[in-house]
Amino acid sequence: MKVPLADLQAQYLALKGEIDAAIVAVIESGSFIDGEKVQRLEREIAAFCGARFGVGVASGTDALVLSLVACGIGVGDEVITTPFTFGATTEAIALVGAIPVYVDLDLCTFNLDTSRIEQAITPRTRAILPVDLFGQMADRAVLSDICHRHGLRLINDSAQSIGATQNGQPIAVTGDTTTLSFYPTKNLGAYGDGGMVLTNDEEIAARLRSLHAHGQSSYAHHERIGYCSRLDTVQAVVLLAKLPHLTEANDHRRRNAARYNEMLADLSGSELALPGCEKGSHHIYHQYTLRHTRRDELQIFLKQHEIDSKVFYPLPMHLQPAYAYLGYQEGDFPIAERVAKEVLSIPIFPEMSDAQQKFVAETLHLFSL
Ligand SMILES: *Cc1c(COP(=O)(O)O)cnc(C)c1O
């Protein structure tokens, strides 16, 4: 039985009539950038995530870059972040001329180990940039407390966690900004690139609006050097069609995760660890990520049984060639390095059938015999 890691076709077919009509309407209108649909999406997503303002941008990476710039972070400033994430997080910090400063992870959640953050603060530290990895929020309460006490900015990379909550609070309630990606495979995916910055701060929102459209204050008046980073209307109407179904899709992922937890509980032990979920955390399982001491063998075994899986992420940021100039070396972040060798994400997509999921669980048992 074939089990893919995601099935974007099934998701499209369920909404095909609505999405096709909305895309055709954009083409017929002749208005492709910004406009009323993009504004509606900004309002709806901001409300969904608990923020006052949303600014659509061209990608999740741009959402991070524009957040850093809007918070006044630039050359020589230190930004504390995680070494275990998609490359865009570190890249955004480097692109604005700031210096990524890494802190090791919590082995159970794969998120920043907040107990190690204060040791990493120096007089040059300006911000903390945590990632809500695999759909589980980093500890907002502890992070915002540290930021308040040290006068730092908090920028949440929530590219993987739209719809998650922590102690009942959605992703964008705390922090200076919270960033989203609409990359097609994200929980809320567009049909191309797209992203959004969420904030509760009116001034930051105004700066973001100016920054994402060439630094304009009004038409052809440039009050700062900005970017060309807009969300196009075709993406906005696709996202508007999908947004009302996001909670249900996330709930399917959560149901699938609960089933895996049950079906795989007996395998959990010295070789295999199931993903951890903290108390009070409403995890939306962008990925369901196991750790296994024989990870590469396991991945080949699953492939032989036509089950797709993927390693998110095989090499931590501090060991990437592009960031060698930061001067880190192997052994600096032992948990991140161990996790990179052990993690494997298995299929958890909302449209997965019961039979497919049972087959994945059985195949994992077969491997462990
Ligand atoms: C996807 C992702 C991004 C970047 O988003 P793009 O839209 O691809 O630019 C940033 N951070 C994390 C954690 C991501 O998963």
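We're numbering straight along the sequence, starting at 1. Just so you know, ligand 1 is whichever comes first in the structure, and atom 1 is the first atom listed for that ligand. Keep in mind the model is a prediction, meaning the values are calculated, not measured.
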So what's ligand 1 close to, N/O to N/O, under 3.5 Å?
| from | atom 1 | to | atom 2 | distance (Å) |
| --- | --- | --- | --- | --- |
| ligand 1 | 5 (O) | Ser181 | OG | 3.2 |
| ligand 1 | 7 (O) | Gly60 | N | 2.8 |
| ligand 1 | 7 (O) | Ser181 | OG | 2.7 |
| ligand 1 | 9 (O) | Gly60 | N | 3.3 |
| ligand 1 | 9 (O) | Thr61 | N | 2.8 |
| ligand 1 | 9 (O) | Thr61 | OG1 | 2.5 |
| ligand 1 | 11 (N) | Asp157 | OD1 | 3.3 |
| ligand 1 | 11 (N) | Asp157 | OD2 | 2.7 |
| ligand 1 | 15 (O) | Gln160 | NE2 | 2.8 |
| ligand 1 | 15 (O) | Lys186 | NZ | 3.1 |

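The list of ring pair (Phe, Tyr, Trp, His ring centres under 6.0 Å) pairs with a residue in residues 182-222, not counting sequence neighbours, is empty. Applying the ring pair (Phe, Tyr, Trp, His ring centres under 6.0 Å) test to pairs two or more places apart or on separate chains, those with a residue in residues 125-164 are Phe110-Phe134.
A search for side chain to side chain contact (heavy atoms under 4.5 Å, CB included) contacts involving Ile225 returns nothing, not counting sequence neighbours.
Between Val311 and Val343 the shortest side-chain heavy-atom distance falls below 4.5 Å.
With Gln235 contributing its side chain and Asp193 its backbone, the two residues share no donor-acceptor pair below 3.5 Å. In terms of modelled atom types and a separation under 3.5 Å, the side chain of Ser353 and the main chain of Gln356 share a donor-acceptor contact.
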